[in-house]
Number of protein chains: 2
Amino acid sequence: MAATPATPKPEPDAPSRREELLRIAARLFAEKGFKNTTVRDIADAAGILSGSLYHHFDSKESMVDEILRSFQDELFAAYDEILASPDDARTKLERAVRLSFDAIHEHGPEVAIFQNDADHLGALERFGYLAERNAQSRAVWLTLLQEGVDTGVLRADLDLTLTYRFIRDTVWVAVRWYRPGGQHAHTEIADQYLTILLDGISAPA
Amino acid sequence: MAATPATPKPEPDAPSRREELLRIAARLFAEKGFKNTTVRDIADAAGILSGSLYHHFDSKESMVDEILRSFQDELFAAYDEILASPDDARTKLERAVRLSFDAIHEHGPEVAIFQNDADHLGALERFGYLAERNAQSRAVWLTLLQEGVDTGVLRADLDLTLTYRFIRDTVWVAVRWYRPGGQHAHTEIADQYLTILLDGISAPA
DNA sequence: GTCTATATAAAGATAGAC
DNA sequence: GTCTATCTTTATATAGAC
């Protein structure tokens, strides 16, 4: 084996240059939208010239691809863990909701990109997995909701398809205004959302 | 007065060419996003060449400006009518929610553009009115919610700022999947949403 | 890993003929 | 009101030097 003196192995905690660039790109994609962010924007924010980005990535699409894939892998692993748990239906629903707010807290840019650009990117073959993940998400939530109805913890008069769509859309929408370190902690927002979702805003009769 | 033989006055119901082009542009902006829609896309859909669009409009920005302004004028006039009505707090809240679903039904493209592109467009001076409308919307909903708490029809333990944000975001989000003539009528979706918002998804104890 | 320089394509917009 | 033709700017991406 010849000596390979160059590029020292990075510490596990020290993000590689590649990861750092992806983090910068994710922030910009989230703020301005994928299409509206230029490779020059990304390069400027990273303190290099646009051409230099192509040493690390094939294309702008490759960047957002890598960002979305790794986020979704992590997210769906967490959903699977909840589904497989022995918790009762209501607890699992609550955990799934809180998982969304945790994701908004820890991976805001990725969530925002997914919310804003997934529809449009999904039209490209390369992003076909987004539709698969969408179907998987639907299956997760409908399973949880059906289990809730079957065990009597949820009302039986709900249209589960509509309920699923509302929950799917509303657990993510706080990414539009939530900022870490702001007035409301993400756990507090999750509490308030669960209160409304489970019991409504009406005063008890 | 000299005779003016050209351009006959259009019937009030016959949309002018200008209005027809705006309708086409609105649909495309809603489907693909403002930035991602080219003037060539719009011209193609209208069956003309891109240069011809500039006979009708200054720029692509002018088009989306006109689309958003006229929609918001109509929407906020309707909010004002609800605020000024003698209905009780709960009825006014229900009317405001149903107004959103009516707007999604009748002005889907305009709602979608506002949801998807208003943040980004709002950064331009020309679209400063979007921030004003945003403040106005906040005032409308907070007024309705406060009146609901004061008259005892809403729970007193809600954080009204968070509740406002959730309602604001969630009454519009159905524009992502609702299609006129689809499986669920918009009135039916409004009913289901109001059920969840007012009373929650939990089974009664 | 970044820079210089540049190729190539796409997009917004304009001028004047019809 | 639309077309032909074209200008200008912006954007993605590449090649090779350092």
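The structure displayed is predicted, hence computed values, not measured ones. Here is the naming used below: chain letters follow the sequence lines, and residue numbers restart at 1 for every chain.
Nearest nucleotide to the B:T38 side chain, out of D:dA13, D:dG1, C:dG12: C:dG12. Nearest to the side-chain atoms of B:Y54 among the listed nucleotides C:dA13, D:dT2, C:dG1 stands C:dA13. When the nucleotides D:dT2, C:dT2, D:dC3 are ranked by their closest atom to the side chain of B:L49, D:dC3 comes out on top.
Under the 30°/60° scheme for interplanar angles, the aromatic rings of B:Y79 and B:F76 are found to stand perpendicular. Taking the six-membered ring for Trp and thresholds of 30 and 60 degrees, B:H184 and B:W177 have ring planes more than 60 degrees apart, a perpendicular arrangement.
Considering only side-chain N and O atoms, A:S52 lies nowhere under 4.0 angstrom from the phosphate OP1 or OP2 of C:dG1. The phosphate of C:dG1 has neither OP1 nor OP2 within less than 4.0 Å of any side-chain N or O from A:R18. Remark: A:H55 is not in phosphate contact with C:dT2, judged by side-chain N or O atoms under 4.0 Å from OP1 or OP2. Taking side-chain N and O atoms only, B:R40 has no distance below 4.0 Å to OP1 or OP2 of C:dA13.
Summarising the geometry, the separation between CG on B:N36 and P on D:dT10 is reported as 19 Å, rounded to the nearest angstrom. As a whole-Å value, the separation of A:K35 NZ from D:dT10 P is 16 Å. Going from atom CG of B:L53 over to atom P of D:dT2 covers 9 Å, rounded to whole Å. Atom CG in B:L28 sits about 12 Å away from atom P in C:dG12, given to the nearest Å. The distance from atom CZ of A:F57 to atom P of C:dT2 is 11 Å, rounded to the nearest whole Å.
B:S62 comes within 4.0 angstrom of nothing in the nucleic acid, heavy atoms only.
Between the side chains of A:R98 and A:T187, no donor N or O sits under 3.5 Å from an acceptor N or O.
For B:R155 (side chain) and A:G200 (main-chain N/O), a donor-acceptor pair under 3.5 Å exists by modelled atom type. In this structure, A:E188 contributes its side chain and A:A185 its backbone to a donor-acceptor pair below 3.5 Å.
Mapping A:H56 and B:K60 onto DNA chain C by nearest heavy atom places A:H56 closer to the 5' end of the strand.
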